[in-house]
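First the structure, in the form of structure tokens, and then the observations on it.
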Amino acid sequence: RSAPNGRIPPPCPSLVSMLPSFSGWSNRVGVVALLGGLIGPHVATAAPGLVMEAAWQVDSWDHEQGLPQSTVTAVAPAPDGSLWVATFGGLSSFDGRLFDNVASADVISRLTALAVSPDEPEVLWLGTEGGGVWRLSAGEAAQVGQPEELARSTVYRIVTSGEDVWVGASRGSFRRRLDGRWEVVGEQSTFDIDVSPRGVIWRCLQGEVVATWPDGRREEWGPLVAGG
């Protein structure tokens with residue numbers, strides 16, 4: 001995953017390839033988010049470029065087709081079957097034909113991550129470059145109350161699990177509970193984070209993958225190397 005402004009996090013292979021027993025990433029197929037716009041509908045391989053299976057039709061969209069800006073940083077499916085698209089130029093909803101620009105860069109600057117709330121499908125959690133976490137509800141976006149370190153962070157990843165929101169960011173990893181309380185999961189830069197159905201917290205840190213079990217047990221894999 002490429003970070004904003006060309007900064008590249010340390011290599012972190014897909015956790016599902018390193019740890020086959022974990023299935024948290026198994027459904028991440030579909031439209032691909034690229035720095036040059038959107039390509040769909042299928043992911044094959046991505047190094048050094050995307051290789052698409054011949055049986056699939058490939059379509060692409062950029063700002064000329066209505067995308068607010070061509071640096072796409074994250075996508076997420078909406079309950080109505082449309083697609084949320086985060087860019088450095090704002091947030092857009094895509095129905096497969098047209099883009100509806102929901103929030104411009106004047107409101108939310110340089111989006112880097114997003115997640116749909118499972119219990120509130122009309123709510124979106126948004127990550128920004130250097131501006132922490134924002135929340136979009138009823139078409140209105142606002143920065144949520146959060147620890148100062150997170151509010152000044154670049155957010156690399158947001159996921160929802162049950163009633164909690166988990167954030168991986170340049171200044172650490174964080175958990176937001178339903179009542180709005182935040183917990184610091186770790187202080188190291190976290191380039192990816194997810195939670196298994198059994199409550200195991202998986203984090204991609206500086207060249208290593210860390211798993212933390214609900215009973216406090218911790219296991220690490222690393223250091224990771226490019227192509228490892």
Side-chain angles (χ1 to χ4, degrees), residues 1-4 7-29 33 43 46-47 73-74 76 86 112-119 124-135 144-228:
R1 175 173 301 154
S2 296
R7 296 191 298 274
I8 307 298
C12 188
S14 166
L15 296 182
V16 77
S17 65
M18 290 186 60
L19 308 167
S21 61
F22 181 59
S23 60
W25 281 262
S26 62
N27 294 321
R28 291 186 192 171
V29 295
V43 181
T73 54
T112 56
L114 61 83
V116 177
S117 174
D119 299 321
L124 267 183
W125 294 94
L126 307 169
T128 65
E129 182 185 24
V133 176
W134 288 58
R135 186 176 185 268
V144 300
Q146 58 199 283
E148 181 180 355
E149 286 299 295
L150 177 54
R152 296 187 289 114
S153 288
T154 291
V155 175
Y156 297 122
R157 182 94 166 103
I158 301 179
V159 296
T160 55
S161 176
E163 298 175 339
D164 296 337
V165 177
W166 300 81
V167 180
S170 57
R171 296 175 182 266
S173 46
F174 305 83
R175 175 186 189 179
R176 184 186 188 273
R177 295 189 176 272
L178 180 63
D179 60 8
R181 290 182 296 117
W182 286 90
E183 300 172 359
V184 178
V185 178
E187 297 181 352
Q188 293 175 270
S189 294
T190 303
F191 302 107
D192 206 346
I193 187 169
D194 217 327
V195 182
S196 79
R198 296 183 178 181
V200 181
I201 306 168
W202 296 89
R203 292 178 294 147
C204 175
L205 306 180
Q206 187 79 20
E208 64 179 356
V209 172
V210 176
T212 306
W213 275 257
D215 61 7
R217 182 165 52 96
R218 174 185 169 108
E219 193 165 351
E220 302 174 3
W221 291 265
L224 304 180
V225 296

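Computed from a predicted structure; not experimentally measured. Only this structure's heavy atoms are used, side chains among them; waters, hydrogens and symmetry mates stay out.
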Judged by atom type as modelled, is there a donor-acceptor pair below 3.5 Å linking the side chain of S173 to the main-chain atoms of G186? yes
Of all the heavy-atom pairs spanning G130 and T154, show the shortest one and how long it is. N-OG1, 3.1 Å
Check whether any side-chain heavy atom of L205 lies under 4.5 Å from a side-chain heavy atom of T190, and answer yes or no. yes
Side chain to side chain contact (heavy atoms under 4.5 Å, CB included) filter on R171, not counting sequence neighbours, yields E149, R152, S153
Under the rule for side chain to side chain donor-acceptor pair (under 3.5 Å), what residues qualify as partners of E183, not counting sequence neighbours? R177
Just wondering, do V200 and T212 contact through their side chains at under 4.5 Å, heavy atoms? no
Go through the steps for Q206 and F191 under the test side-chain contact (heavy atoms from CB on, under 4.5 Å), then give the verdict. CA-CA 8 Å; Q206 187 79 20; F191 302 107; 3.9 Å; yes
Please list, chain by chain and in numerical order, all residues satisfying side chain to side chain contact (heavy atoms under 4.5 Å, CB included) with V184, sequence neighbours excluded. F174, E187
Test of understanding: with side chain to side chain contact (heavy atoms under 4.5 Å, CB included), list the residues that count as partners of A113, not counting sequence neighbours. V155, I158
I'd like to know whether the aromatic ring centres of W166 and W202 sit less than 6.0 Å apart in this structure. no
Between the CD atom in E208 and the CH2 atom in W221, the distance rounded to the nearest 0.5 Å is 10.5 Å
Enter the distance from Y156:OH to S189:OG here, rounded to the nearest 0.5 Å. 6.0 Å
Sorted by chain and number, sequence neighbours left out, side chain to side chain contact (heavy atoms under 4.5 Å, CB included) with T160 holds for A115, P118, W125, V165
So does G132 get a backbone contact from the side chain of Q146, meaning a donor-acceptor N/O pair under 3.5 Å? no
Could you check if a side-chain atom of E148 sits within less than 4.5 angstrom of a side-chain atom of L150, using non-hydrogen atoms only? no
Name all residues meeting the salt bridge (charged side-chain N to carboxylate O under 4.0 Å, His left out) criterion together with R218; count only those two or more places apart in sequence or in a different chain, and write none if there are none. E220
Are any side-chain N or O atoms of T112 and backbone N or O atoms of G127, one a donor and one an acceptor, separated by less than 3.5 Å? yes
Nearest heavy-atom approach of R203 to I193 is CG-CG1, 3.9 Å
Residues forming a salt bridge (charged side-chain N to carboxylate O under 4.0 Å, His left out) with D179, sequence neighbours excluded: R181
As an exercise, state the distance from OG of S196 to CD1 of I201, rounded to the nearest 0.5 Å. 9.0 Å
